[in-house]
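Just so you know, these numbers come straight off a predicted model, no measurement behind them. Here is the naming used below: chain letters follow the sequence lines, and residue numbers restart at 1 for every chain.
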Protein chains: 2
Amino acid sequence: MATLKDVAALAGVSVKTVSNVVNGYAFVKPENRRRVEEALVTTGYRPNLGARNLRRGRTGFVALVLPELVVPYFAELAGLVLGAAQEHEWNVLIEQTLGTREGERDTLASLGPHMIDGAIVSPEALQARDFGELAPGIPVVMLGEHSVDLPMDHVGIDNVEAARAAVAHLVGLGRTRIAAIGAHPHRGTAAQRLEGYRLALTEAGLPVRDELVATALNYHRRDGAEAMTRLLAAAEPPDAVFCFNDLLAVGAVRAAVERGLRVPADVAVVGFDNTEEGAYSLPSLTTVAPDKAAIARAAVDLLRRRVEDPERPPEHVRTPFSLEVRESTRGDA
Amino acid sequence: MATLKDVAALAGVSVKTVSNVVNGYAFVKPENRRRVEEALVTTGYRPNLGARNLRRGRTGFVALVLPELVVPYFAELAGLVLGAAQEHEWNVLIEQTLGTREGERDTLASLGPHMIDGAIVSPEALQARDFGELAPGIPVVMLGEHSVDLPMDHVGIDNVEAARAAVAHLVGLGRTRIAAIGAHPHRGTAAQRLEGYRLALTEAGLPVRDELVATALNYHRRDGAEAMTRLLAAAEPPDAVFCFNDLLAVGAVRAAVERGLRVPADVAVVGFDNTEEGAYSLPSLTTVAPDKAAIARAAVDLLRRRVEDPERPPEHVRTPFSLEVRESTRGDA
DNA sequence: CATCGTTGATACAACGTTGTAAAGCGGTCG
DNA sequence: CGACCGCTTTACAACGTTGTATCAACGATG
């Protein structure tokens, strides 16, 4: 591997002059610049980023900390963050926490204060406030969970509003026994979506029944199917279900169909996340569609600004969402 | 951020002694060791990996280069590679090439010979042999494409055999007009799966008809739907389809259903990759199931061995696969 | 008692890069 | 003609870590 020293020797100049050429320093005699550039090519020089970063104090790496890549929402988001980071010449280190508190702690602890310039974190089990302690001094942007009182940068949609819109849509279809799947004891976003659900019901003059709220400890397809099965076993089963993510919805649809029900005729289903999978499933899923590209862009941008100025006041960015109405709530499925 | 120097000052020993304690060097007086360990805790010392790696020549990073994370197969695989790498104390840097030749070139070039100890690459557009030129000296393990003549480590299933098994299954159901979706001018795996398809047909005494082989330039759901639509528009439409991945299969199923056909009664569908999505779709997908965990483990393991001994002869690891039979080819959907 | 090996600690250099300070050069101005 | 300025280049130190060499103290061995 060629180093600056090798290039300098070949071009007959000092190491620093080569460094200057590489970094675009203005005052280099054209003759020398030419010679150096030639030497750069013939040696195939590539800067040693480790050394450069040691000197500069920046590493050029950001961590993206998320629960699991098998969840399409996170996979899609990760892809977009990768793209957005690339534009800022950042490399992205993806860490999976598997949603456990330990996983999230270990990840942040082992990441260390050195190898990354900052982190974009999608917390699940871990309380947001833990991050300040675990990763002191590391610029962190939070995704998803919305806790205005915390002094951290944050990007996300208005979960209460989004859930409300989704349930209002079901109300508009004339459904009266509307269930929710995805309640969770510790997840902030779950609490918010549940609140939106309750709000929408109350506004429509419908009762909020506890037996129509199903808990899901994970947000996988299996959990959606299990929750739906429980709901359908009740004396008065729901005629509509609002699921807190698309995977739960896919599982719920499958469970309903396996019991011989028609979607949406017998039970309408709404998901959340607008994953591609939901657009092609049978029936295709009506879903809350957050602007994932906007989230990715905002997160990377926020992180960049935070790295540049650690003292700036924390910012909360609300990204837009829309409701994508498809077959799972439309008549013509 | 505390450095070795700070810890040394606090403990009243030299920097090197602290380094020795940190690295588990045996001969340190118990008294000093105690003092150092205490100082390590109170300062909250974390090693600067950049500096350590600069010195050691290893970085502790591996790159995972793949087309796109929105493709569930790659997302699932990435998750497994992350886990396997963690066991070897490697951090994983995920790079998306978007399947373009430029993307793959740029990625490898920019990764540089310095920041990573090695790379696990799932090539798509790029020819395998280009890698030797682009990333000279970087240990690389290839995934998926199987080209025995290349002197590189490689992990993958036997694509010809797998495709043959899938098509043989359709033959066994009594289907006679079996189509294939996913032919591709440049992809090695596509060629192999096509070969397996042809083999199975020939073995069954069925003709191989060109009009039943549909090309797909990408392997997304949309491409599967489009290809299926083309196939169904023919004078004699197929009664079964073998798709080269699950996404194509999902799209194909959707297109068939939209035209009023029943799956599998009118047309049976087989996918490839055994993504979770296919297990929950309606109907659930019969699919070729590669052992993804085995692939991930083998790839990381191969890379570790290659890093340790760059001179060892290249190895080709065949991982097992099975055929997961589900509703899309079974009667009871 | 000289020699040796073991245990324990340290100084120094080096990894490859870049910021700082400074110096060499030529020209212009007072 | 000396001072000063702008351009160009360089030597040096430093980022934080670890390998090598060295040194000191000590007990055991010949």
Would you mind telling me which residue lines up with the more 5' stretch of DNA chain C, A:Arg56 or B:Val15, judged by nearest nucleotide?
-> B:Val15

For D:dT9, does OP1 or OP2 lie under 4.0 Å from any side-chain N or O of A:Ser14?
-> no

Distance-only donor-acceptor test (3.5 Å): side chain B:Lys16, base D:dG19 | yes

Between B:Glu31 and B:Arg34, does at least one N-O distance fall below 4.0 Å, as a salt bridge requires?
-> yes

Any A:Thr3 side-chain N or O less than 4.0 Å from OP1/OP2 of C:dG16 | no

Please determine if a side-chain N or O atom of B:Arg52 lies less than 4.0 Å away from the OP1 or OP2 oxygen of D:dT18.
-> yes

In whole angstroms, how far is the P atom of D:dT20 from the CG atom of B:Asn23?
-> 13 Å

Looking only at heavy atoms, what is the nearest atom pair of B:Ile116 and B:Ala119, with distance?
-> CD1-CB, 4.3 Å

How many Å lie between CG on B:Asp6 and C1' on D:dG16, as a whole number?
-> 11 Å

Evaluate whether atom CZ of A:Arg305 has more than 12 neighbouring non-hydrogen atoms of other residues, nucleotides or ligands under 6.0 angstrom away.
-> yes

Closest approach of B:Ala78 to B:Leu66 (non-hydrogen atoms, all atoms of both residues) | CB-CD2, 4.3 Å

Which nucleotide in the set C:dA13, C:dG8, C:dG16 lies at the smallest distance from any side-chain heavy atom of B:Arg55?
-> C:dA13

OP1 or OP2 of C:dT10 under 4.0 Å from side-chain N/O of B:Thr17 = yes

Using only side-chain N and O atoms of A:Asn20, determine if any of them is under 4.0 Å from OP1 or OP2 of D:dT8.
-> no

Is there a donor-acceptor pair closer than 3.5 Å between any side-chain N or O of B:Gln96 and the backbone N or O of B:Leu69?
-> yes

A:Leu4 has an atom CG; how far is it from atom C1' of C:dC15, in whole Å?
-> 13 Å

Candidates D:dT8, C:dG16, D:dT10 - which lies nearest the side chain of A:Tyr25 = D:dT8

Whole-Å distance between C:dG19 C1' and A:Asn53 CG?
-> 15 Å

From C:dC15, C:dT18, D:dT18, nucleotide with atom closest to B:Leu54 side chain | C:dC15

Grab the NZ-C1' distance between B:Lys5 and C:dA11 for me, whole Å please.
-> 15 Å

side-chain N/O A:Asn32 vs D:dT8 OP1/OP2, d < 4.0 Å = no

Looking for any heavy atom pair under 4.0 Å, which part of the strands does B:Tyr45 touch: base, sugar-phosphate only, or nothing?
-> sugar-phosphate

Nucleotide nearest A:Lys29 (side chain, heavy atoms from C-beta), chosen from D:dT17, C:dT18, D:dT8 = D:dT8

Gap between atoms CZ and C1', on B:Phe27 and C:dT10 respectively (whole Å) = 17 Å

